[in-house]
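Encoded as structure tokens, the structure appears first; notes follow it.
Lettering of chains follows the sequences in order, A, B, ..., and the numbering in each one begins at 1.
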2 protein chains.
Amino acid sequence: MLENVDLTKKMSKEEYDNVIEELTINIGELQRKAWKMGIPIMIVFEGWHASGMTDIINRFLLTLNPMGCDLYTTGKPCYQEELKPLLWRFWTKIPNAGRIAIFDRSWYRRAIIEHNSKGRADKDMSKCLDGLTYFERQLTDGGYLLIKFFLHISKEEQNKRYTSLKKKGIPLFIVEEEEQEYINDYARYLPLIEGILERTDRASAPWSIVESDDMNFSTIKILAKTIESIENKISDVENERKLASGKHNESCVIPNIDSSILGKVDLDKSLTYKEYKKEKKACQKKIAQLQYELFKNRIPLVIVFEGWDASGKGGSIRRLAQKLNPRLYRVTPIGVPTRSELAHHYLWRFYNEIPEAGHIGIYDRSWYGRVLVERVEDLCNMHEWKRAYREINEFEETLANYGTIVIKFWTHIDREEQLKRFKQREATPHKQWKITSDDWRNRDKWKLYLEAADEMLQKTSTSWAPWTIVEANDKYYARIRILKTVIERIEEELKERGLQ
Amino acid sequence: MLENVDLTKKMSKEEYDNVIEELTINIGELQRKAWKMGIPIMIVFEGWHASGMTDIINRFLLTLNPMGCDLYTTGKPCYQEELKPLLWRFWTKIPNAGRIAIFDRSWYRRAIIEHNSKGRADKDMSKCLDGLTYFERQLTDGGYLLIKFFLHISKEEQNKRYTSLKKKGIPLFIVEEEEQEYINDYARYLPLIEGILERTDRASAPWSIVESDDMNFSTIKILAKTIESIENKISDVENERKLASGKHNESCVIPNIDSSILGKVDLDKSLTYKEYKKEKKACQKKIAQLQYELFKNRIPLVIVFEGWDASGKGGSIRRLAQKLNPRLYRVTPIGVPTRSELAHHYLWRFYNEIPEAGHIGIYDRSWYGRVLVERVEDLCNMHEWKRAYREINEFEETLANYGTIVIKFWTHIDREEQLKRFKQREATPHKQWKITSDDWRNRDKWKLYLEAADEMLQKTSTSWAPWTIVEANDKYYARIRILKTVIERIEEELKERGLQ
């Protein structure tokens, strides 16, 4: 993509002054329109060192209303960022509906620096690029407009600029050790970057190569391209909305799941109180020890609890956490999303909450809400929840690739047991707050939830994040089953990684 | 406060098991009640090393509903945190209405480590403690419940525990170099801590000393104390609300400001376009250079723009930013607060937005909204905006103590000029969006705004953050005045600090 670019393009000061004002008015109008329509926009600036990115971004920025946009400068990760997967840094920065986020260098630069320069295996870089592709596809599928610019200059021009910068004494901002190679070895990086640009140039998020020898020309090209992209996006969204308002009742064919997984669960398993007490003590002690192994080895652990209302998720989580160090674990209950969460891609809130390396994140309900409650209660449309199986698998794959252990429990009870527990709750004064009309309403939709859970278990049990179905009619049995599964899985993983 | 504490208090396992359940039910109810009433709660745990804080916090945490609380472990600041004043780390973590934030060590520990151990001057520690007092008073004045525990053990007990911990091989989490002294020199720190506890033990945020030789006893004491504090707070708030619903029309006596500052401004000052062009170019070049001086010397700069609608704030900001490096400045427009912002102390959103050391934060409207629009439009009550003068001065003092240069502009025009500009906007298609019925409404309240602005200028012009009133009937004159003031102020500060 970079080979035959004509780098001689120029624009005079007069020409620039003539068009800049008009384009500024133009982009201002589009920004307000996108804001009203709730279209989130991400604009990525990548390019060679000394390609003039800083000045170009400033010129670009000044055409926008600062009320609706954010600039993120991507540099070396800080300590906290190093303890999370690469994409976390960018997921947490995606704009909410209507805003524009501008990335002054991005996941591409970081991927190159962190997965290539350090002499890692090619496989690692390739996996990383898969992750970036997931990220971008998930965003554009979710309604985000993604505009990507690569500022291109020739090696000769770069050298000329280095000399002139040096003369002027302007400090270079990202002269971290790790970037030295990229800064100084244009020839080595040319084919690498070429390959990455080709691999990540997709119809829904294409690259624009910007000839950057002349700053007037490149600024105008970027503005014009941005205007064109926003205009197209706006008209796409308008068309979609027209279409959507035409047909209201989306029909959804529920697949005939002959072999229901949950139908076969043996719910009669139980433990006596004495057995439970003894096992619990031993398991808790073991988990407390394993926690320090995870910490020492910087392995993050994600434990997901999904299951019926009143199936004992909360109680199990308390027993799991009882002997843990509170500095190393966090229980994150997932409830109704806030307004700000609704204004982002649905995975955003979960990326925000992933545990640091060495820490444990325990989730009382989770990202699976998308294919459970949101599906059953029509809180998202069919395309969205159908797409979510793949998105969730990719999300968990991203975690696993970073080294995270992902454990998922479905606590399973039958309808009779649930009824018994609901009634118990209603009869106990300090437990009444736990049971609301929502719970009874959900109960009426048992069959729909069962179908949803069954499909979820089938489609999201992966080698890197398998489900464990917990027979939970007996609380003692369920709790011990959970504790033991956690222990086994951690021990397995430590062994596999040669750490035990 | 620590001298005569009886550290021999104990509680048997049976006694503990008897009361813990009841207290858990009790605190659960209070948590839900505080949530419904929108009371934000902060609980601070401080204490000696090896006082059992980790385990006690975990026990405490398990009595709460994780849906409504957050635990923050305070350790060594990361790189980003070092680039902001100490209190920024805690301001950004204050809970929103109804939630509980628990601090596993807090601003106290950090103050001791960062302002005492490094052999700094006593004056520095004293200033820092002033800052902490501002922080806590602002919070409790703003309706926050603040509960502070100091876990106390004797030197002998501490030594015993060190030996036992060492035997068990449990890793110590905060054995950063900087904490070694605190960990090992009980005797040296005893009087220091005693002094700090006494100085910061105020009626609205008192300390509870917790005898921590026995973990059962201390857990129960903490729970009981927390319950008592929340109960008291709830009944206080109930009483306040009853009182408030009784008298609706708060009368506010506007002080008779004989010597109106704004009445004396000479608005006839002007510049020709030619003069403007020339001056602008020179000033912008100078500011771009000074920006790098600030960056090199890690000095943060805050520039506040307040002033009448259509007085040219936006245009001035654009000229100010035109030649700056976008990586080093950010324009933050302050608009209507979001729901989440409304659910916090009003200073919270501004603490979130302060610039890093070496960066420039430019504010298009600011924290002064409290004493301008919020005062005039009755968006807060009289006590709140009257209190805000002091709070704002303290906020800016906190910034200045950290080394921040604070520059504040009031862009002043007269009513006729505003009318002319409003009409111009309405007549220009691409500027129409800038003028709304709100602007006309605000214009009708000119006199009220004038009074508010006058009082603000009088009460918040401090030696560390003086106001500059900009004669802005002539745009060219105003812009150059602003650019020059910024240059002068930066140069002065650099000189004063011996950097130029």
Do [X] and [Y] have side-chain heavy atoms sitting under 4.5 Å apart?
X        : Y        : answer
A:Asp104 : B:Pro326 : no
A:Leu71  : B:Arg330 : no
A:Met53  : B:Arg327 : yes

* What is the minimum heavy-atom distance between A:Arg32 and B:His430, and which atoms define it? -> NH2-O, 4.1 Å
* To do: Considering non-hydrogen atoms only, spot the tightest contact between A:Pro66 and B:Pro333 and give its length.
  => C-CG, 3.6 Å
Using heavy-atom distances under 4.5 Å, tell me whether [X] contacts chain B through its side chain, its backbone, both, or neither.
X        : value
A:Asn58  : both
A:Tyr329 : side chain
A:Arg339 : side chain
A:Asn26  : neither
A:Leu62  : both

* Can you say whether B:Gln289 sits under 4.5 Å from chain A via the side chain, the backbone, both, or neither, judging by heavy atoms? -> neither
Once you round to the nearest 0.5 Å, how far does [atom1] of [X] lie from [atom2] of [Y]?
X       : Y        : atom1 : atom2 : result
B:Gln80 : A:Tyr79  : CD    : OH    : 14.0 Å
A:Ile25 : B:Lys431 : CD1   : NZ    : 8.5 Å
B:Glu81 : A:Cys78  : CD    : SG    : 8.5 Å
A:Met67 : B:Ile334 : CE    : CD1   : 8.0 Å

* **Among the listed options A:Leu324, A:Leu61, A:Ile317, the residue most often paired with chain B at heavy-atom distances under 4.5 Å** => A:Leu324
* Which residue, B:Thr73, B:Asp55, B:Thr54, B:Ile57, forms the side chain to side chain contact (heavy atoms under 4.5 Å, CB included) with A:Asn325? -> B:Thr54
